[in-house]
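Following: one structure in C-alpha cells, then a few remarks.
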Amino acid sequence: MLPPPGFTRAHGLAELLQQRRSVRAFEPVPLSLAQLGQLLWAAQGITAEGQLRTAPSAGAIYPLELYVVAGDVEGLPAGIYHYDPHGHRLQLVEAGDRRHALASAAVRQAWLATAPATVAFAAVEARTAAKYGSRSSRYVAIEVGAATENLFLQAEDLGLGTVDVGTFDDAAIARLLQLPNGVAPLLLMPVGLPR
Ligand SMILES: Cc1cc2nc3c(=O)[nH]c(=O)nc-3n(C[C@H](O)[C@H](O)[C@H](O)COP(=O)(O)O)c2cc1C
C-alpha cells in the first residue's frame, strides 16, 4: 500500500504551467515513497465512485496500465512494479535494479538510468476498441497525453523533474516490464530531483 495522496499544493496551476520544463539530469538522491505514490495517483488515481480517475477516459474504460522501474526509492526495494489504482498499491513484477536495462532499451539515452525511478505508461487498446472500434488508437493516445501531463504537473509541484520519453525499443521495454500480451508500452517518465 502506498501512502495516501496529499491535497495541499505548493504552487498555483498557472505557475506550474509556466515553469514546466523537461528534465534529463537528476541528483543522486532517492525519491520518497510518498512522492512516488503521489505521482502515480496524479496520473491514474481513483477519485470517485470506486472507479473514476484523475485523468479522463473514453467511456470510463481506462485502457492505461502503469509500471514503475524503481532503483532508489526510500522504503521500496529496487524492482519493477505494476500500479494497482484500486488499491493504490504497487505489485512486484520482478526484484532488482533494472534502470540500466531500461536506459539501453530507450535507444542511446543513458541518462535515464540516473533517475531514481521511471514511470512507464502502457495501454490495453483492445479494452477501448471493444466499444469504440477503430477510434481506439486515437482515444488511447489522447488519454496517455492527459495522464502523463497530470504526472508532469504533479512532479513540478513536488519540486521534482521529469520528461516524456517516447524513443525506445517497444519489444525490449515490453520484455523488461514483462507486459502481458496485448499491453503495449507508450511512454516513459523518469522522475527525480533536478540537477
Ligand atoms: C511524445 C513525446 C515523446 C518524447 N520523447 C522524448 C525522448 O525520447 N527523449 C527526450 O529526451 N525527450 C523526449 N520528449 C521531450 C521533448 O523533447 C520536449 O518536450 C521538448 O523538447 C520541449 O521541451 P519542454 O518539455 O521542456 O517544453 C518527448 C516529448 C513528447 C511529447
Checklist entry - Counting heavy atoms not belonging to Gln18, are there more than 12 under 6.0 Å from its CD? => result no
Item to check | Ring-ring centroid check Trp41 Tyr83, cutoff 6.0 Å | outcome: no
Item to check | Exercise: do His82 and Glu65 side chains pair donor with acceptor under 3.5 Å | outcome: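 Yes - a donor-acceptor pair under 3.5 Å links their side chains.
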Next on the checklist: Is it true that Glu143 and Ser57 share a donor-acceptor pair across their side chains at a distance under 3.5 Å?
Outcome noted: yes
Item to check | Nearest-0.5 Å distance, CD of residue Glu15 to CZ of residue Arg20 | outcome: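 With rounding to 0.5 Å, CD (Glu15) is 15.0 Å from CZ (Arg20).
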Checklist outcome for this item: The reported gap from CG in Leu188 to CG in Leu177 (rounded to nearest 0.5 angstrom) is 7.5 Å
Checklist entry - At their closest point, which heavy atom of Ala103 faces which heavy atom of Leu112, and how far apart are they? => result CB-CB, 3.9 Å
Checklist entry - Which heavy atom in Leu76 sits nearest to a heavy atom in Leu90, and how many Å separate them? => result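 In this case the closest contact between Leu76 and Leu90 is CD2-CD1, 3.8 Å.
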Checklist entry - Of Leu102, Ile80, Val165, which is the lone residue that meets side chain to side chain contact (heavy atoms under 4.5 Å, CB included) with Thr118? => result Leu102
Any donor-acceptor pair under 3.5 Å linking the side chain of [X] with the backbone of [Y]?
X: Arg127; Y: Tyr62; answer: yes
X: Thr128; Y: Ser136; answer: no
X: Gln35; Y: Ser32; answer: yes

Next on the checklist: For a side-chain contact (heavy atoms from CB on, under 4.5 Å) check, start with the C-alpha distance between Leu160 and Leu39, then their side-chain angles and the critical distance, and finish with the verdict.
Outcome noted: CA-CA 10 Å; Leu160 299 170; Leu39 295 165; 4.2 Å; yes
Next on the checklist: As a quick check of understanding, evaluate side-chain contact (heavy atoms from CB on, under 4.5 Å) for Val163 and Trp111, giving each step before the final call.
Outcome noted: CA-CA 12 Å; Val163 56; Trp111 53 268; 3.6 Å; yes
Item to check | Salt-bridge present (Arg89, Asp84; N to O < 4.0 Å) | outcome: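 Yes, charged N to carboxylate O under 4.0 Å.
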Checklist outcome for this item: Sorted by chain and number, sequence neighbours left out, ring pair (Phe, Tyr, Trp, His ring centres under 6.0 Å) with Tyr132 holds for Tyr139
Checklist entry - Do the non-hydrogen side-chain atoms of Leu40 and Val119 ever get within less than 4.5 Å of each other? => result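 When only atoms from C-beta onward are counted, Val119 and Leu40 do touch, with a gap below 4.5 Å.
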